[in-house]
Amino acid sequence: MKTPHTRIHDVLKHGRPGQEVTVKGWVRSRRGNKQVQFIALNDGSCLQTIQIVVDLQTIDAETLKAITTGACIRADGMLAASPAKGQNVEIQARELKMYGSADPANYPLQKKGHSLEFLREIAHLRPRTNTFGAVLRVRSVMAYAIHRFFQQRGFVYLHTPIITGSDCEGAGEMFRVTTLDAKTPPLNEHAAVDFSQDFFGRETALTVSGQLEGELAALALGQIYTFGPTFRAENSNTARHLAEFWMVEPEMAFYELPDNMDLAEEFLKYLVQTALDDCSVDLEFLSAHYDADLFERLRSTDGVAFERLSYGDAVELLKKSGKNFEFPVSWGCDLQAEHERYLVEECCKRPVILTDYPRAIKAFYMKGNDDGRTVRAMDVLFPRIGEIIGGSERESDHAALLQRMREMHIPEQDLWWYLETRRFGSAPHSGFGLGFERLMLFITGMANIRDVIPFPRTPKNASF
RNA sequence: UCCCCAGUAGCUCAGUCGGUAGAGCAGGUGGCUGUUAACCACCGGGUCCGUGGUUCGAGUCCGCGCUGGGGAGCCA
């Protein structure tokens, strides 16, 4: 394919001394003296910069003066073997062209490192840093790997709605979607907002999960997956929560809980292996700067079978641990972060899949076990980040599902369409949800979820 | 939402006992014949988050607010 320039990645990988090249990118640094200067240029195609050697007898000093950190330039020249350490090849500049200067007195990014907190405040410029270049490239590779994994296995990519009318997906607070006047909305006879006059003629919100729609498609197409934005209006202020995040939700007809677990484990291992295979340069940078144990942790998920434990067995292990937990453990309680961390990091020392949770602490759609008190749920727990996947076998029996909805006060009339799939040709089926940014935390070793998404949305912050 | 911590130069931070602020880097100028977050010298740079209070005097102590961070809850 003909391109207007050569990506620096390709120059560094395939370039040969003597070749004429044109590169375009952003200046990371310039240094040197009155005879010769060196420009480090990055174009985002890879972590590395290419060195452009500027002979002051070829390029005038005025042109060079404006080429400061952050400026965008084009460089034409001949590729040459580099006599110095640090790079194999460099470009002997014949001509430099300025696309956009960057006033060095005001450009926020310096040659030195910046704190991640500061970079969040300049999210419009942080993709130009080594860290975010690396993270965003890895993110792209991971997104593609997700599609590849499912496509290779015959899963159908399903687009579930972003705007939803069901307020009972049961996964948290929702963002309302409305075109009604915020100050004086129309009221009904009960002095409540009259949503029949709203755009959709009913109250609507941004989706918190595509699962219920995913189930509909799985019961027609067999195996499907979704991969799209998901919204939670929870006032969660942690390094693991976003108000807008991307979720992967496969849903499979004829999969029972063990099949579901097998798929989740294979899926995660595939993604980790892809990262190790295809992102090694970026991951090495991230490991060197943020997480020295990154590769050890990535490889620790690879060779070993995930530990599979029932909730009941996990509770027993926690009781016998001798640990003095802040929250004491007993059968029926929801496991706390400290409990999950103990199981994964100290007890099993590998990823753990917990199954068969008490039905009282899980969602209405999960299939009940014969014991009457647990459901066929599964949570995949990873070191350092906790729950990375949550899933279950779904209740496929109409009567059982309806009973459960009534017990949990789920308005059945709103989910008539969901119930109908159990009336007509129901089938055993299962699925799970993977938080894409949680995966990214694990893959990149970054500590804060706001640093693995380009434009984080969190309480009190929707800038950029 | 709860608990804890922080907010001082463009960035990262120091600032003792309450006495009107300092370093490194960045920036500017000059120097240097191949640098590797180049180096060396000199120079400029402050609404000490906001607000109210205590005090002769507040960056420093107290109240309230805002913002950020860590932990917890909710969850993916």
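All values below were derived from every heavy atom in this structure, side-chain atoms included, with hydrogens, water molecules and symmetry-related copies excluded. Each chain gets a letter, A, B and so on, in the order its sequence line appears, and its residues count up from 1.
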Do any side-chain nitrogens or oxygens of [X] fall under 4.0 Å of OP1 or OP2 in [N]?
X        : N     : result
A:Lys34  : B:U35 : no
A:Arg28  : B:U35 : no
A:Arg31  : B:G34 : no
A:Asn106 : B:A26 : no
A:Arg30  : B:U36 : no

Describe the nucleic acid contact of [X] in one word from base, sugar-phosphate, nothing, applying a heavy-atom distance below 4.0 Å.
X        : value
A:Thr69  : nothing
A:Leu242 : base
A:Gly32  : base
A:Thr230 : nothing
A:Glu437 : nothing
A:Lys460 : sugar-phosphate
A:Lys362 : nothing

For the residue pair [X] and [Y], does the interplanar ring angle fall in the parallel (under 30°), tilted (30 to 60°) or perpendicular (over 60°) class?
X        : Y        : value
A:His147 : A:Phe227 : tilted
A:Phe150 : A:Phe267 : tilted
A:Phe306 : A:Phe382 : perpendicular

Salt bridge [X]-[Y], side-chain N to carboxylate O under 4.0 Å:
X        : Y        : value
A:Asp282 : A:Arg139 : no
A:Arg94  : A:Glu20  : yes
A:Arg384 : A:Asp293 : no
A:Glu395 : A:Arg359 : no
A:Glu338 : A:Lys323 : no

Please confirm whether any donor atom in the side chain of [X] sits under 3.5 Å from an acceptor in the base of [N], or the reverse.
X        : N     : result
A:Gln51  : B:U35 : yes
A:Asn33  : B:U35 : no
A:Glu90  : B:G34 : yes
A:Ser236 : B:C74 : yes

> For A:Phe245 and A:Phe38, take the nucleotide of RNA chain B holding the closest heavy atom to each; which residue's nucleotide lies nearer the 5' end?
Replying inline: A:Phe38

>> Quick check: on RNA chain B, is the nucleotide nearest A:Ala40 upstream (toward 5') of the one nearest A:Leu335, or the reverse? Name the residue that is more 5'.
In response: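 Per heavy-atom nearest nucleotide, the more 5' residue is A:Ala40.
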
Would you kindly give the [atom1]-to-[atom2] distance between [X] and [N], to the nearest whole Å?
X        : N     : atom1 : atom2 : result
A:Asn237 : B:C66 : CG    : C1'   : 14 Å
A:Leu441 : B:C75 : CG    : P     : 19 Å
A:His339 : B:C74 : NE2   : P     : 11 Å
A:Asn235 : B:A72 : CG    : C1'   : 13 Å
A:Asn42  : B:A37 : CG    : P     : 15 Å
A:Glu340 : B:A72 : CD    : P     : 11 Å
A:Gln92  : B:U35 : CD    : P     : 14 Å
A:Arg240 : B:G73 : CZ    : C1'   : 11 Å

Please name the nucleotide paired to [N] by Watson-Crick or G-U wobble geometry with both distances under 3.5 Å, or report none.
N     : value
B:U47 : none
B:A9  : none
B:U20 : none
B:G28 : B:C42
B:C61 : B:G53

Got a list of side-chain donor-acceptor pairs under 3.5 Å for residues 115-122 of chain A, not counting sequence neighbours?
unit_1: A:Ser115; atom_1: OG; unit_2: A:Phe118; atom_2: N; d: 3.0
unit_1: A:Arg120; atom_1: NE; unit_2: A:Asp451; atom_2: OD1; d: 2.9
unit_1: A:Arg120; atom_1: NH2; unit_2: A:Asp451; atom_2: OD2; d: 2.7

>> Would B:U29 be called syn or anti here, given the cut-off of 90° from 0?
In response: anti

>> Heavy atoms from C-beta onward define the side chain here; which of B:C75, B:G69, B:G34 lies closest to that of A:His241?
In response: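 The listed nucleotide nearest to A:His241's side chain is B:C75.
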
> Quick one: which of B:U1, B:G73, B:G68 gets closest to the side chain of A:Ala337?
Replying inline: B:G73

>> Within the 4.0 Å limit for protein heavy atoms, which parts of nucleotides 10-15 of chain B are touched? Write it as a string from 5' to 3', B for base, S for sugar-phosphate only, - for none.
In response: BSS---

>> Here's a test for you: under side-chain contact (heavy atoms from CB on, under 4.5 Å), which of A:Thr301, A:Leu434, A:Asp302 qualifies with A:Leu268?
In response: A:Leu434

>> Between B:C49 and B:A21, how far apart are the two P atoms, rounded to whole Å?
In response: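 Approximately 15 Å lies between the P atom of B:C49 and that of B:A21.
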
